[in-house]
Amino acid sequence: IEQTLSIIKPNAVAKNAIGAILSRFEAAGLRIVAARMLHMSKEQASAFYGIHQGKPFFDELVDFMTSGPVMVQVLEGEDAVAKNRDIMGATNPANAAPGTIRADFADSFTENAAHGSDAVDTAAVEIAFFFPEGVCP
Ligand code: ATP
Ligand code: MG
């Protein structure tokens with residue numbers, strides 16, 4: 001059974017959409033097996049998105065991700081990585097299919113409401129980043 005890391009980004013938290021977004025994961029059969037809320041530091045956000053360091057959108061991304069609290073959860077289920085990314089929709093909300101999280105809750109390319117791991121191996125690294133103590137058995 002697969003796990004993936006999901007983040008409800010600051011713009012979606014600010015618009016009171018935590019419950020609506022978590023409901024979509026649960027309705028799709030993904031189980032929430034760990035969750036925490038935090039306001040990331042610049043150091044945390046830069047490390048989490050380290051792969052994007054040097055890209056033109058990096059500073060704006062770190063500023064955004066540290067602009068307010070985020071909700072971080074581990075989702076578990078069959079094909080959890082791909083399923084979560086399907087539910088989120090395309091990175092650029094202009095290309096996100098109707099009914100996806102980004103179509104409904106994004107404000108811009110950067111402020112696109114949600115993060116989801118892009119592969120099983122990166123999911124493991126990202127889960128350990130936020131849940132070093134592990135998830136519920
Ligand atoms: P995430 O990693 O947040 O789930 P993703 O995997 O769909 O999103 P990435 O390419 O990993 O997309 O980009 C990470 C994040 O950086 C995006 O979700 C978005 O917030 C921001 N971003 C990416 N590309 C751009 C861009 N061209 N302009 C503005 N922001 C961008
Ligand atoms: Mg990504």
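Owing to the predicted nature of the structure, the values given are computational and were not obtained by experimental measurement. First listed ligand is number 1; within each ligand, the first listed atom is number 1. Because only heavy atoms are used, hydrogens play no part in the values below, and waters and symmetry mates are left out as well, while side chains stay in.
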Taking distance alone, with N or O pairs closer than 3.5 Å, would you say Asp118 contacts ligand 1? no

Between Phe130 and Phe48, is the gap from one ring center to the other below 6.0 Å? yes

Is there a nitrogen or oxygen of Leu61 sitting under 3.5 Å from a nitrogen or oxygen of ligand 1? no

To the nearest 0.5 angstrom, please state how far the NZ atom of Lys9 sits from the OG1 atom of Thr110. 8.0 Å

Any N or O of Asn112 closer than 3.5 Å to N or O of ligand 1: yes

Check Phe57 against ligand 1 and report side chain, backbone, both or neither, counting heavy atoms closer than 4.0 Å. side chain

Judged by heavy atoms only, the candidate from Phe109, Phe48, Phe64, Phe58 nearest atom 19 (C) of ligand 1 is Phe109

Under 4.0 Å from one or more heavy atoms of His52, ligand 1 contributes atoms 9 (P), 10 (O), 11 (O), 13 (O), 14 (C)

Under 4.0 Å from a heavy atom of His115: which atoms of ligand 1 are those, numbered in the order shown and with their elements? 1 (P), 2 (O), 3 (O), 4 (O)

Proximity flag Tyr49 to ligand 1, non-hydrogen atoms under 4.0 Å: yes

Rounded to the nearest 0.5 Å, the CD1 atom of Ile101 sits from the NE2 atom of His115 at a distance of 12.5 Å

How close does the nearest protein non-hydrogen atom get to atom 20 (O) of ligand 1, and which residue and atom is it? Thr110 O, 2.9 Å

Can you sort out which atoms of ligand 1 are near Gly116, meaning under 4.0 Å from one of its heavy atoms? 4 (O)

Atom 5 (P) of ligand 1: nearest protein contact (heavy atom, Å): Thr91 OG1, 3.5 Å

Taking the minimum heavy-atom distance to atom 8 (O) of ligand 1, which of Arg85, Lys9, Arg102 ranks first? Arg102

So which bit of Lys55 gets within less than 4.0 Å of ligand 1, heavy atoms only: side chain, backbone, both or neither? neither

Could you tell me whether Asp121 atom CG has more than 12 heavy atoms of other residues or ligands within 6.0 Å of it? yes

Quick check for you: to the nearest 0.5 Å, what is the distance between Phe109 atom CZ and Thr91 atom OG1? 6.0 Å

Report the distance from atom CD of Gln73 to atom CG of Asn84, rounding to the nearest 0.5 Å. 8.5 Å

From Thr66 atom OG1 to Glu43 atom CD, the distance as rounded to the nearest 0.5 Å: 9.5 Å

Are Ile87 and Val33 joined in one hydrophobic group, where the rule is that I, L, V, M, F, W and Y side chains link up if heavy atoms are under 4.5 Å apart? no

Test salt bridge (Lys or Arg N to Asp or Glu O under 4.0 Å) on Arg24 and Asp104; report intermediate values, then the result. CA-CA 12 Å; Arg24 292 180 184 208; Asp104 291 342; 2.8 Å; yes

